[in-house]
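What you see is a predicted model, and the numbers here were worked out from it, not measured in a lab. All residue numbers in this chain count up from 1 along the given sequence. Atoms within a ligand are numbered from 1 in the order they appear, just like the ligands themselves.
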Amino acid sequence: MISRRTLMAAAGFAMGGLVAIPASAQETVKIGLILPMTGPFASTGRQVEAGVKAYMALNGDTVAGKKIEVVLRDDGGVADQTRRIAQELVVNDGAKMLMGFGLTPLAMSVAPVLNQAKIPAIITSATTSAIMPQSQYYVRTSMGGPQSAVPVATWAVQNNLKKVVTLVSDYGPGIDIEQGFTNQFKKDGGTIVEAIRVPLANPDFAPFLQRVRDAKPDAVFAFVPAGIGAQFMKQYVDRGLADAGIKLIATGDVTDDDLLNGMGPVAKGVITGHFYSALHDSPENKAFVAQVKKAANNMRPNFMSVGGYDAMTLAYMALKKTNGDTDGTKLIEAMKGATWVSPRGPITIDPTTRDIVQDIYMREVKEVNGELYNVEFATFPKIKDPNAK
Ligand code: PHB
């Protein structure tokens, strides 16, 4: 059989050999997607995967003449596994980009792999500020450090919540968020009554929430990573904090869209700051939510899912810009300064820090059409990670 390529080459020859057949026409570009698909943070894995798939369903699996193949691997939320898998994806599978990383330690673990292989890693989920300087090949579509906490501090003082206890998971993002909130809150005239850090793994919030209750603040400001919020919310109510009139304010990780409906009416009225609500009113978001629901058994996307969707947007934009060249250094250069409208709103990749610049919304949990949503009521535009250098 004569292939289309042979025929085209023959045509080119007949015309004086001027038709160039791109050698790369049929090449596949592999993207290694590493996520916790099992273990306590499996909801993050499931959500990011849904976001990646939604992007490809809406935008196709070809860009700049290359076929895109996403290779998904489960690290179970264990950093040693993340690094081993990253190495395998680069060496054995020939992955040209890596993506995912459900938690800060998992993202951190791959820095040496990136520095050696010189290929980009797009962080869809982890948020700690200190990740980014570890490799010039990190780029981020989740969030940077205390981006979401700072506006909550300002809102709290403006709304007469002047004595606050902070309660955060005791690791990178929690510490960034505690510091970001505290700095802004004090600047605005608030007082931190107590700063509590709770263990990340299998947290029992009860004794910590009792401490909050005893301190009698106006509010507790909380951060726990996505997947843990429902547990936190239940214990907040069980310990009688709501009844004692201690208001809950938080980053949007606590009222994450994946779990929010399951939290029930207790979540109503909780005020949070974050970069994404499934109810965000834009055509981009409506198309995104509809696609995820259609493909993932009616699952509502959360901010992790958007991180995955935007990671794919960035990968496609970079390949378009390099004309399909998969050299890692060219790809990371092509990602710097990328600007687009995400389902979350307008975003940019800062060309210096490779971190995301995005709008942060203040939201209140409300019932809308019989479901609970984070309803946006104020926008803090173009927020950068205040720790980013
Ligand atoms: C992180 O580990 O960096 C992380 C995970 C989940 C979140 C936020 C931060 O919701």
Discussion item. Would Arg300 and Glu371 count as a salt bridge (Lys or Arg N to Asp or Glu O under 4.0 Å) here? Give the steps.
Written reply: CA-CA 11 Å; Arg300 184 197 288 184; Glu371 291 189 46; 2.9 Å; yes
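- A cation-pi arrangement is absent between Arg344 and Tyr361 under the rule of less than 6.0 angstrom and at most 45 degrees off the ring axis.
- The parts of Ala226 lying near ligand 1 are both backbone and side chain, judged by heavy-atom distances below 4.0 Å.
- Between Phe223 and ligand 1, no pair of N/O atoms sits closer than 3.5 Å.
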Item to complete: In sequence, state the C-alpha distance, the side-chain angles, and the governing distance for Arg363 and Thr272, and then conclude on side-chain hydrogen bond (donor to acceptor under 3.5 Å, both in side chains).
Response: CA-CA 5 Å; Arg363 311 97 49 85; Thr272 59; 2.9 Å; yes
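- Looking only at protein heavy atoms, the nearest one to atom 3 (O) of ligand 1 is Thr104 OG1, 2.5 Å.
- Protein heavy atom in closest approach to atom 6 (C) of ligand 1: Pro225 CB, 3.4 Å.
- By the 3.5 Å distance cut-off applied to N or O atoms, Thr127 is counted among the residues near ligand 1.
- Within the 3.5 Å criterion, the main-chain N or O of Met335 finds no donor-acceptor partner in the side chain of Arg354.
- Looking at atom 7 (C) of ligand 1, its nearest protein heavy atom turns out to be Asp253 OD2, 3.4 Å.
- The shortest heavy-atom distance from Gly102 to ligand 1 is under 4.0 Å.
- The closest protein non-hydrogen atom to atom 4 (C) of ligand 1 is Tyr171 OH, 3.4 Å.
- Within the 4.5 Å cutoff, no side-chain heavy atoms of Tyr137 are placed close to those of Val110.
- Paired with Phe288 under the rule ring-ring contact (aromatic ring centres under 6.0 Å, His included), one option of Tyr309, Tyr55, Phe303 passes, and it is Tyr309.
- By the criterion of a heavy-atom distance under 4.0 Å, the side chain of Met304, and not its backbone, is placed next to ligand 1.
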